[in-house]
Amino acid sequence: MVETTFGKGCHLHLIDGSAFIFRAYHALPPLTRKSDGLPIGAVAGFCNMLHRYVEGNTGPDAPTHVAVIFDKGSHTFRNDMYDLYKANREAMPEDLRPQMPLTRRATEAFNIACKELEGFEADDIIATLSCQAREAGGRVTIISSDKDLMQLVGDGVEMLDAMKNRRIDRDGVIEKFGVGPDRVVDVQALAGDSVDNVPGAPGIGIKTAALLINEFGDLETLLDRAGEIKQPKRRQTLIDMRDQIELSKRLVQLDCDTPLDFGLDDLEVRDPDPDTLLSFLAEMEFRTLSRRIADQLGAEAPVIEDKVAPPTDTDAPEAPSFSDATYTCVHDAETLQDWIDQIRERGWVAVDTETTGLNEMIADLVGISLCVEAGRACYIPLIHKAAATDDLFGSDDLAEGQMAPQTVLNLLKPVLEDPAILKIGQNMKYDAKIFARQGIEVAPIDDTMLLSYAMHAGLHNHGMDTLSERYLGHTPIPIKPLLGSGKSAITFDKVPVDKATEYAAEDADITLRLWQTFKPQLHRNQVTTVYETLERPLVPVLAQMEMHGVKIDRDTLSRMSNAFAQKMAGLEAEIHDLAGETFNVGSPKQLGEILFDKMGIEGGKRGKTGAYATGVDVLEDLATEHDLPARVLDWRQLSKLKSTYTDALQTHINPDTGRVHTSYSIAGASTGRLASTDPNLQNIPVRTEEGRRIREAFVAEPGNVLVSLDYSQIELRILAHIANIPALKQAFADGLDIHAMTASEMFDVPLDEMTPDIRRQAKAINFGVIYGISGFGLARNLRIPRSQAQGFIDRYFERFPGIRTYMDDTKAFAKEHGFVQTLFGRKIHTPEINAKGPRASFAYRAAINAPIQGTAADVIRRAMIRMPAAIDGLPARMLLQVHDELLFEVAETAVDDIIARARDIMENAADPAVRLDVKLTVDAGQGANWAQAH
DNA sequence: GACATCACG
DNA sequence: GACGTACGTGATGTCC
């Protein structure tokens, strides 16, 4: 064996182990080992990350040496200097503690050096090794995003933020700290660090600290010459706090002389030993990962017993790997009958449809795939085209070996409609609508997308690719190579049947496996009721609404488009005239240059791309002094209305039905709200008179009217209930104007002396509270000084102390559990709540808002689910949902009846699951079009 | 495909 | 007094 010595040409990777663990812990749901319930989620995530890391180690940046560095014990030499060091750290979560030693074992199993040292932080070991490697002439990459490590950067040492895949070099450090790596400790000593509880100098942040250090050169000089600082407050702080600042510096200064009992040469990259690694993974019962790694190492996957300590209600046998799956193509009735027999035997089937497009109101059914057992699925092609006879044109002839579509549908219909057989799908609303157009009412259903949504909202999206990747460790066959992209893209019926079979059958296979994974987890996550009462029953309701569509009058839109075009042309000429040159008014970039460079208007602010900001706020300010921005604002409004509404809506009118069919995504918004797409009918203009007229194009069929019912102040009512604010509850009970009441309470103005302006401010505050209020945000919204806004907020909390409590409690709950909940038990995960910096503030405000917005979303979902039965037999259809509004199309004779029944359902939608302290009230309107009904 | 802008609750 | 801020969405046009 050749002795190698670390030196020039060597590349050392140092992985911050704790960072990996915490990221893994927060990224994954609380998984447990099947056989004994040992919490194992963080270890699983840690192993996945290590595996991904090892896989990515190719090319010129590949390391020659590597180690994972961990913290050991909570008491370090820094605690001897300062007993409050890291004193505000939250305790380690209970279910993470037992996983810590396992992450060490995992590292060893991957045959990666695993280092820790009692009394020292991982950062010190990383510092020591970095220094040694640098002196030996080698290169170092520190895999971490901890800013404390930035002092080590330079002379061949870089950091790599694995999350963002971003390298941080000297320039990156300067960007973050305003000084080079050698002065980072000086800045940190002054700025302190609330996360590690390093005191620093009160009143000085990173910006100020960098300014001072750059002026004086280094911390010692600064402290010696502190008397020269101009700002009196700052000068005094530095003089008074000298000891504390010097202590802070010793706290943040990493130790490059940690006594290590190993050397760089001990960290050489080694291949893992397959037996050791696989037996560890088997012990942890990581089925997917061990299968995958076994494949890559060319070894046999270990057998993992499927014994379960607490019995669960699934009987999923160990699934074969995807590479061993059998996917067959069904060509004849006997084979299909065989599959149907198997479905009847089991009582369930995973179904997936392939079609010619994504719009289920237009797309044709191309084929159907079925799966009854993980690893065994079939595809039934229906209208695939024969292979092209030449290279230019596809054939119009059908490919051979396909059963007649009607024969297949006739055989499947009894199964798909059988109430005793569960149909499992991923985004079942899509497939249900495709089948509905073939006269098949699919029921009952389960939906893996919605199962995931109930359990994982806020963690990730719920598309099949994401779910398969995350929960099955398998990347599905991508559709892109099959269909191509851009102009040359083909539809699925042009895909050769053999390729289509592989793709389509796999989708059904994945869906079944996801279902087998998710279904038993539902009750463990305590979201069974959410799934059963708020998600699953909504599917047929939305499918009906979408298929029915809303009538839109093309002529009205077309006339408006023309009128807008004329007005825009006039404005454009005026704008060019004012600018003294022609330019593209629709280009913010060009507009910014005209305003701030050519015309020389002061106060232009550049965004992150370097272009001037020209948003509506900016232009409104400029419009008080200048004509051009005022014209641009008018032009922009018209342009928006024309392109997004009057033009685009016309293209969405379905030629068969003459109506517009939106599609609601049930699992799109994390809070439980629906989202409307293709087209979005939840953002039709209403706030301006000109925009509102677009709603005149939404009309009822002859003899019918549109009826709109909307919840009045539902989010504030829910806030009053959740935060338990007696004054707000009383105001709602008395039917008061809630914003006026707030204003009166806050500003001590009697209700009968209320002015519109005071009320407007109170209204902004009320909304601010729902959004997780901040002084800055309120100040910007009301265009008042920040100090005044903060004063409003303080006063609000004083008058309604329950709000403060609600916000604090919600934050604490989110920090502890990683999610918040609606009144109906819907969970919204907040993985970033324990992050550092601005991301945490974002997560905090979202966590405040989610239970309120989410509860309102749950309420209207409940109303919608009950609505079909409530209006059954009446000549009325529910058409649209806009978060707190439902729009109906109703025969003129039934209007009063519908309003009464729908209102009753909506106002009592929370019952009986939740008894609200505040009653919900619903306003109703009716008319020939949506503008009148609203 | 990212970004800026703007429509809604 | 420092991160950079209102919460949740989708569609459009520009520009690279």
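Letters A, B, ... are given to chains in the order of the sequence lines, protein chains preceding strands, and every chain is numbered from 1.
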Inset, instruction - Describe the nucleic acid contact of A/A210 in one word from base, sugar-phosphate, nothing, applying a heavy-atom distance below 4.0 Å. - result: nothing
Inset, instruction - Map A/G775 and A/I204 onto DNA chain C by nearest heavy atom, then report which one ends up closer to the 5' terminus. - result: A/I204
Inset, instruction - Name the residue closer to the 5' end of DNA chain C, choosing between A/G668 and A/G203 according to the nucleotide with the nearest heavy atom. - result: A/G203
Legend entry - Sequence neighbours excluded, every pair satisfying salt bridge (charged side-chain N to carboxylate O under 4.0 Å, His left out) that has a member inside residues 641-654 of chain A: A/K642-A/D647
Legend entry - salt bridge (charged side-chain N to carboxylate O under 4.0 Å, His left out): pairs with one or both residues in residues 670-690 of chain A, sequence neighbours excluded: A/K567-A/E690, A/R673-A/E715, A/E689-A/R692
Determine the Euclidean distance between corresponding [atom1] atoms of [M] and [N]; express it in Å to zero decimal places.
{"N": "B/dC3", "M": "C/dT5", "atom1": "P", "result": "14 Å"}
{"N": "B/dA4", "M": "C/dG4", "atom1": "P", "result": "15 Å"}
{"N": "C/dA6", "M": "B/dT5", "atom1": "P", "result": "13 Å"}

Inset, instruction - Just jot down the ring pair (Phe, Tyr, Trp, His ring centres under 6.0 Å) partners of A/H456, sequence neighbours excluded, or say none. - result: A/H460, A/Y471, A/F518
Pairs under 3.5 angstrom only: tabulate donor-acceptor contacts from the side chains of residues 774-782 of chain A to other protein residues two or more places apart or in another chain.
unit_1: A/S774; atom_1: OG; unit_2: A/G777; atom_2: N; d: 3.0

With sequence neighbours excluded, what pairs up with [X] under the side chain to side chain contact (heavy atoms under 4.5 Å, CB included) test?
{"X": "A/A19", "value": "A/D16"}
{"X": "A/T208", "value": "A/I204, A/L212, A/R234"}
{"X": "A/N680", "value": "A/S676, A/Q682, A/N683"}
{"X": "A/A847", "value": "A/A814, A/V820, A/T830, A/I833"}

Inset, instruction - Give the first and the last nucleotide of DNA chain B, reading 5' to 3', that has any atom under 4.0 Å from a heavy atom of chain A. - result: B/dC3 to B/dG9
Inset, instruction - Only stems of 3 or more consecutive Watson-Crick or G-U pairs count here, both distances under 3.5 Å; name the ones for DNA chain C, or none. - result: B:1-9 with C:7-15
Legend entry - Short N-O contact, A/D186 and A/R183, less than 4.0 angstrom: yes
Mind listing the side-chain donor-acceptor pairs of residues 589-596 of chain A below 3.5 Å, one per line with the distance, residues two or more places apart or on another chain?
unit_1: A/Q590; atom_1: OE1; unit_2: A/N584; atom_2: N; d: 2.8

Inset, instruction - Compute the centroid of each ring, for A/F800 and then for A/Y796, and state whether the two points are separated by less than 6.0 Å. - result: yes
Legend entry - Presence of A/R845 side-chain N/O under 4.0 Å of C/dA6 phosphate oxygens OP1/OP2: no
Inset, instruction - Using a 4.0 Å cut-off on protein heavy atoms (strictly under), produce a 5'-to-3' string for nucleotides 11-16 of chain C with B for base contact, S for backbone-only sugar-phosphate contact, and - for none. - result: BSSSSS
